[in-house]
Amino acid sequence: MHLKPKKRLGQNFLVDQNIQRKIVDFCQIEPKDTLLEIGAGRGELTRLLARKTRKIFALEIDKKLCALLKENLKGTAAVIICADILKFNLREYFQGFSEIKVVGNLPYYITTEIILHLLKFPDIISEILITVQKEFAQRITAAPGCVQASSISYFVHYFSQPQPLFNIKKGSFWPKPEVDSSFFRLTLKKKLPLDKKEEKILFKLIRAGFNQRRKVLKNALKGIVSSQRLSRYFQKYNIDENVRAEKLTLEDFMRLVRFGV
Ligand code: SAM
């Protein structure tokens, strides 16, 4: 069956078999592991992953590709789930599971949404091993407080420990995308430093700070934190009054939450 790749679904298939094998090696899969592959595509990576464990679920949104996957992966351990990862009820489907390793060459048009979605399930997922556009990977794994960081770097570092693994040339994909990619690991934190209420405030502050990242923080946070309180916080932690959000580390933002807003 020959299917034309759908650009709107981010279908750039990884066709370089050396890179496929390299990804599987870096996933360090043991036979006891449960895997969930997101965006299984034509199932080339799935087939290699399925040789390493008997518990592998391959999720794909495209109905035609799901039919192809069922055909291509007959006789392997892979269970095909035809669904949109953002609408799929992971908690219900994987009831009783823990420590799932998520693997995926993510569709670039919803990379952020998928990562933020998966980070909400530390009780089910232990690691996320993904391929994304190189620049995006650099932004995500950049330490909060450094130049490349954006608000998503703070979310990712709050919920997980990111580890860049290797880069992949654009020529390894078909159709060839505009840019190179990177493969990296996010190890989800089982214990988080703030409670749910504090977390909400943390993300509100980070979002507000980065929505207007050209503004100094005290202006970007107007209406959320009183200027007097913010001044006291700056004084206490020896932070410049005219600091911008991008200069604050995750720890700085968490201190602000604990300081009280
Ligand atoms: N894993 C294959 C590979 O490496 O060649 C395909 C990767 S391709 C970059 C991304 C895949 O994700 C496509 O097959 C696409 O149809 C699928 N996809 C796109 N949006 C999705 C969604 N919301 N939920 C699940 N899969 C999705």
Side-chain angles (χ1 to χ4, degrees), residues 1-27 29 35-53 56-73 76-94 100-121 124-125 128-137 140 165-185:
M1 198 190 312
H2 180 75
L3 297 173
K4 196 166 171 260
K6 296 187 179 97
K7 208 173 166 191
R8 73 182 164 81
L9 289 178
Q11 291 179 355
N12 297 93
F13 301 110
L14 178 66
V15 289
D16 182 329
Q17 295 186 348
N18 288 327
I19 300 292
Q20 291 171 358
R21 282 192 287 268
K22 192 168 172 183
I23 286 179
V24 174
D25 285 347
F26 271 79
C27 290
I29 302 157
L35 300 185
L36 167 63
E37 190 193 0
I38 294 178
R42 303 183 305 183
E44 291 178 32
L45 196 61
T46 325
R47 176 177 289 282
L48 297 182
L49 293 167
R51 288 189 190 145
K52 302 278 179 186
T53 174
I56 168 161
F57 300 85
L59 191 141
E60 172 56 56
I61 196 172
D62 184 333
K63 286 199 174 74
K64 287 195 172 152
L65 280 181
C66 287
L68 184 74
L69 281 167
K70 282 181 186 155
E71 196 179 300
N72 285 354
L73 297 170
T76 73
V79 174
I80 315 302
I81 305 170
C82 199
D84 176 343
I85 181 60
L86 297 179
K87 296 190 183 143
F88 182 67
N89 192 334
L90 278 172
R91 190 154 275 126
E92 190 178 292
Y93 192 92
F94 290 108
I100 295 177
K101 282 188 176 180
V102 173
V103 183
N105 170 17
L106 296 188
Y108 70 92
Y109 74 105
I110 43 166
T111 313
T112 306
E113 290 86 337
I114 294 180
I115 294 173
L116 293 181
H117 180 65
L118 295 174
L119 289 173
K120 289 186 207 138
F121 299 95
I124 305 177
I125 298 170
I128 303 173
L129 294 129
I130 42 178
T131 305
V132 302
Q133 292 187 341
K134 189 173 158 189
E135 232 181 74
F136 184 76
I140 277 200
L165 295 172
F166 57 88
N167 294 330
I168 308 174
K169 292 269 174 229
K170 53 188 171 188
S172 299
F173 300 89
W174 175 79
K176 188 163 123 182
E178 306 267 309
V179 293
D180 292 341
S181 289
S182 292
F183 183 63
F184 66 94
R185 172 188 288 123

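Note that the structure is a prediction, hence the values are computed from the model and not measured. Remember, it's 1-based here, ligands and their atoms both numbered in the order they're listed.
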Distance col, row Leu86:CG vs Leu118:CG, nearest 0.5 angstrom, shows 8.5 Å
Tell me every residue that passes ring-ring contact (aromatic ring centres under 6.0 Å, His included) with Phe26, counting only those two or more places apart in sequence or in another chain. Phe166
Can you tell me how the ring of Phe57 sits relative to the ring of Phe94, calling it parallel under 30°, perpendicular over 60° and tilted otherwise? perpendicular
Please report the closest heavy-atom contact between Ala58 and Ala40, naming both atoms and the distance. CB-CB, 3.8 Å
How would you list, by chain and number, every residue that makes a salt bridge (Lys or Arg N to Asp or Glu O under 4.0 Å) with Arg47, sequence neighbours excluded? none
Below 4.0 angstrom from a heavy atom of Leu65, which ligand 1 atoms are there? Numbered from 1 as shown, please. 14 (O)
Among protein heavy atoms, which lies nearest atom 19 (C) of ligand 1, and at what distance? Leu9 O, 3.2 Å
Under 4.0 Å from one or more heavy atoms of Ala83, ligand 1 contributes atoms 24 (N), 25 (C)
The answer for which part of Ile110 has a heavy atom under 4.0 Å from ligand 1 is side chain
Protein heavy atom at shortest distance from atom 27 (C) of ligand 1: Ile61 CG2, 3.4 Å
Closest approach of any protein heavy atom to atom 20 (N) of ligand 1, naming residue and atom: Tyr109 OH, 2.9 Å
Measure the CG-CH2 distance between Leu14 and Trp174 for me, rounded to the nearest 0.5 Å. 13.0 Å
Check ligand 1 against Ala40 and write out every atom of the ligand that is under 4.0 Å from a heavy-atom position of the residue. 1 (N), 2 (C)
Residue, atom and distance of the protein heavy atom nearest atom 1 (N) of ligand 1 read Gly39 O, 2.7 Å
Between Glu37 and Val103 (side chain of the first, backbone of the second, donor and acceptor by atom type, cut-off under 3.5 Å), is there such a pair? no
Give, for atom CD1 of Ile130 and atom CD1 of Ile114, the distance between the pair rounded to the nearest 0.5 Å. 8.5 Å
Any N or O of Gly10 that comes nearer than 3.5 Å to an N or O of ligand 1? no
Nearest heavy atom to atom 13 (C) of ligand 1, choosing from Gln11, His117, Lys6, belongs to Gln11
Separation between NZ of Lys7 and CG of Asn12, rounded to the nearest 0.5 Å: 9.0 Å
Does the N or O separation between Leu14 and ligand 1 drop below 3.5 Å for any pair? yes
Who gets closest to atom 23 (N) of ligand 1 by heavy atom: Asp84, Val103, Leu86? Asp84
Is it the side chain (CB and beyond), the backbone, both or neither of Glu44 that lies under 4.0 Å from ligand 1, heavy atoms counted? neither
Part of Leu45 within contact of ligand 1 (heavy atoms, under 4.0 Å): neither
Give yes if a backbone or side-chain nitrogen or oxygen of Ile85 is under 3.5 Å from a nitrogen or oxygen of ligand 1, and no if not. yes
Looking only at distances, can you tell me whether any N or O atom of Asn105, backbone or side chain, sits closer than 3.5 Å to an N or O atom of ligand 1? yes
Between Asp180 and Lys169, is there a side-chain N and carboxylate O pair less than 4.0 Å apart? yes
Smallest separation among heavy atoms of Gln11 and Glu60, with atom names: NE2-OE2, 4.4 Å
Residue portion contacting ligand 1 (non-hydrogen atoms closer than 4.0 Å) for Phe173: neither
Take every heavy atom of Leu59, measure it against each atom of ligand 1, and state whether any distance is under 4.0 Å. yes
Just verifying a value: how many Å separate Ile168 CD1 and Gln20 CD, rounded to the nearest 0.5 Å? 10.0 Å
Distance, nearest 0.5 Å, that separates OG1 of Thr46 from CD1 of Ile80: 6.5 Å
Glu60 N/O under 3.5 Å from ligand 1 N/O: yes
May I ask you to list the atoms of ligand 1 that are less than 4.0 angstrom from any heavy atom of Glu37? 1 (N)
Among the heavy atoms of Arg42, does any lie under 4.0 Å from an atom of ligand 1? no
